[in-house]
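Encoded as structure tokens, the structure appears first; notes follow it.
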Amino acid sequence: MYTAHPDRYAEMPYRRTGRSGLKLPALSLGLWHNFGPDRPVETQRAILRRAFDLGVTHFDLANNYGPPPGSAESALGEALKADFAAYRDELVISTKAGYLMWPGPYGEWGSRKYLLSSLDQSLSRMGLDYVDIFYSHRPDPDTPLEETMGALHTAVQQGKALYVGVSNYSPELTREAARILAELGTPLLIHQPRYSMLDRRPETSGLLDTLDELRVGSIAYSPLEQGLLTGRYLDGIPEDSRAASDSPFLNSDAVTEELVGKLRTLHEIAGSRGQSLAQMALAWVLRQGRVTSALVGASSPRQLEDSVAAIGNLDFDADELARIDKIVKG
């Protein structure tokens, strides 16, 4: 029988999400790649238990996480039943719908039929009555935004979601989504963009400025840039890495000699801060408080512990930031 650590809230900082009353941990656990039938169940449960013991109260999913699609939600459902039944009100659980989940014309994108059907399926897999946050995972170019946002609003009205968010939306679409939701009476809580030291689009596109203006929270995915910022690529491409397998998310062509040189220099800066490259990369995303939380994955409790240790130094001086910018931007 799992009993949570009594000091689980002692170290983790919690940040208010936009103008809402909801606080998220600075680091949240994403269940994207390591929670499927190809991973030992006990390892999955050990990661979740260790996360909660370290104050990571937010578990982030999507309907298609696995592989195969749906398996991450099913795995979490089993863990919730086995370990976290007594702690449900201390957890923030989010899921998303938008990418391909089942065959046919109703299995992806942003229609009302797909989003609400998907949410029902997600709740069934996780054994929950509601999720804390339900996202539109990507904008649908062929469905009116009013329909997509209306479906999110309905999920809240039905009591199946407490808050709603969007992911991968442009600043312009985010602004319009927030307007529609405000008129319906369901505020836009949060945006989930891809953001890292190597991917500055939320800055350059004006998304972070838009979120600041709208007072909407943000949670960054891929803050370690698919593993490039973990230190695994300091000597090239490891045989067992994502790039070596030419994953659709990171292929070997992306790992150039120039990039490896940049990673080595960033690693040196991290060392001068008393951090690993991964820890500095997470701290960089969380600097200045503009990002509410950063999503990390974990294949073991130890890897999770290494990520959480980043909260020990979230501050950068002007010289460090300038050096990082010079290295990344060339």
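Note that the structure is a prediction, hence the values are computed from the model and not measured.
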(message) Show, in sequence, the C-alpha distance, side-chain angles and deciding distance for Arg179 and Glu183, and conclude whether the salt bridge (Lys or Arg N to Asp or Glu O under 4.0 Å) test is met.
(response) CA-CA 6 Å; Arg179 183 193 66 77; Glu183 290 180 355; 2.8 Å; yes
(message) side chain to side chain contact (heavy atoms under 4.5 Å, CB included) for Glu147 and Ser111? Distances and angles first, verdict last.
(response) CA-CA 7 Å; Glu147 179 177 340; Ser111 72; 3.7 Å; yes
(message) Please determine whether side chain to side chain contact (heavy atoms under 4.5 Å, CB included) holds for the pair Phe59 and Met126, giving the CA-CA distance in whole Å, both sets of side-chain angles, and the decisive distance to 0.1 Å.
(response) CA-CA 12 Å; Phe59 299 156; Met126 292 186 284; over 6 Å; no
(request) Take Val156 and Leu152 through the side chain to side chain contact (heavy atoms under 4.5 Å, CB included) test and state the conclusion after the steps. (result) CA-CA 7 Å; Val156 173; Leu152 297 184; over 6 Å; no
(request) Applying side chain to side chain contact (heavy atoms under 4.5 Å, CB included), run through Leu266 and Val328 and close with a yes or a no. (result) CA-CA 9 Å; Leu266 290 170; Val328 171; 4.3 Å; yes
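In plain terms, the two heavy atoms of Leu229 and Leu263 that are nearest each other are CD2-CD2, 3.8 Å. The two residues Gln275 and Ala310 have their closest heavy-atom pair at NE2-O, 3.6 Å. When all heavy atoms of Gly165 and Ile133 are compared, the pair lying nearest together is N-CG2, 4.2 Å. Ala177 approaches Met149 most closely through the heavy-atom pair CB-SD, 3.6 Å. The minimum heavy-atom distance linking Pro25 with Ser293 is given by the pair O-OG, 2.7 Å. Closest approach of Arg112 to Gly150, counting heavy atoms only: NH1-O, 3.7 Å.
The distance from the CG atom of Leu31 to the CG atom of Leu48 is 5.5 Å, given to the nearest 0.5 Å. Taking CZ from Arg290 and CG from Leu208, the interatomic distance works out to 4.5 Å, rounded to the nearest 0.5 Å. Going from atom CG of Leu259 over to atom CD of Glu257 covers 11.0 Å, rounded to the nearest 0.5 Å. To the nearest 0.5 Å, the span separating CG on Leu119 from CG on Leu123 amounts to 4.5 Å. Rounding to the nearest 0.5 Å places CG of Leu321 at 6.5 Å from CD of Gln288. Atom OG1 in Thr292 sits 8.0 Å away from atom CZ in Arg15 (nearest 0.5 Å).
In this structure, the side chains of Tyr195 and Glu203 come closer than 4.5 Å at one or more pairs of heavy atoms. A heavy-atom distance below 4.5 Å is found between the side chains of Arg175 and Glu213. Two residues are said to be in side-chain contact when any heavy atoms from C-beta on lie closer than 4.5 Å; Val41 and Glu78 fail this criterion. Between Ile190 and Tyr135 the shortest side-chain heavy-atom distance falls below 4.5 Å. Considering only heavy atoms from C-beta on, His5 stays 4.5 Å or farther from Leu54 through its side chain. Proximity of His191 to Thr210: side-chain heavy atoms (C-beta onward) are nowhere separated by under 4.5 Å. The shortest side-chain heavy-atom distance between Asn63 and Tyr114 falls under the 4.5 Å cut-off. Within the 4.5 Å cutoff, no side-chain heavy atoms of Trp32 are placed close to those of Asn64.
Formation of a donor-acceptor pair under 3.5 Å by the Asp132 side chain with backbone atoms of Tyr163 is not found in this model. Judged by distance alone, the side chain of Glu108 and the main-chain N or O of Met101 form no donor-acceptor pair under 3.5 Å. Checking side-chain atoms of Gln303 against main-chain N and O of Ser299 turns up a donor-acceptor pair under 3.5 Å. Between the Gln279 side chain and the Ser276 main chain, a donor and an acceptor come within less than 3.5 Å of each other. In terms of modelled atom types and a separation under 3.5 Å, the side chain of Gln44 and the main chain of Arg39 share a donor-acceptor contact. A donor-acceptor contact shorter than 3.5 Å is absent between the side chain of Ser124 and the backbone of Asp120. Side chain of Arg88 to main chain of Leu91: a donor-acceptor pair is present (N/O by atom type, distance under 3.5 Å, no hydrogens or angles). Side chain of Arg200 to backbone of Met197: a donor-acceptor contact under 3.5 angstrom is found. Side-chain N or O atoms of Ser74 include one that pairs as donor or acceptor with a backbone N or O of Gly70 at under 3.5 Å. Not a single donor-acceptor pair under 3.5 Å links the side chain of Arg302 to the backbone N or O of Asp306.
Side-chain heavy atoms closer than 4.5 Å link hydrophobic residues (I, L, V, M, F, W, Y) into clusters, and following such links, even through other members, never connects Leu29 to Leu295. Hydrophobic clustering (side-chain heavy atoms under 4.5 Å, transitive across Ile, Leu, Val, Met, Phe, Trp, Tyr) keeps Phe134 apart from Leu22. One hydrophobic cluster, built from ILVMFWY side chains closer than 4.5 Å, cannot hold both Val216 and Ile219; they sit in different ones. Linking ILVMFWY side-chain heavy atoms closer than 4.5 Å, directly or via other members, places Leu128 and Leu162 in two distinct hydrophobic clusters. When the side chains of ILVMFWY residues are joined at heavy-atom separations under 4.5 Å, either directly or via intervening members, Val56 and Ile93 end up in a single hydrophobic cluster.
Ring centroids of Phe84 and Tyr2 are separated by less than 6.0 Å, placing the two rings close together.
Side chains of Gln226 and Ser222: a donor on one and an acceptor on the other come within 3.5 Å.
Heavy atoms from other residues, nucleotides or ligands lying under 6.0 Å from OH of Tyr9 number more than 12. Within a 6.0 Å sphere centred on CG of Asp129, other residues, nucleotides and ligands contribute 12 heavy atoms or fewer. For Glu42, the CD atom sits in a packed shell: over 12 heavy atoms of surrounding residues, nucleotides or ligands are nearer than 6.0 Å. Under a cut-off of 6.0 angstrom, the local environment of CD in Glu11 is sparse, with at most 12 non-hydrogen atoms contributed by other residues, nucleotides or ligands. Counting non-hydrogen atoms of other residues, nucleotides and ligands closer than 6.0 Å to NE2 of His153 gives a total above 12.
Between Tyr65 and the options His33, Lys96, Glu73, a side-chain hydrogen bond (donor to acceptor under 3.5 Å, both in side chains) holds for only Lys96.
Geometrically, Arg323 does not engage Phe316 in a cation-pi contact defined by less than 6.0 Å to the ring centre and at most 45° from the axis. Cation-pi geometry between Lys23 and Tyr14 is not satisfied (NZ or CZ under 6.0 Å from the ring centre, within 45° of the ring normal).
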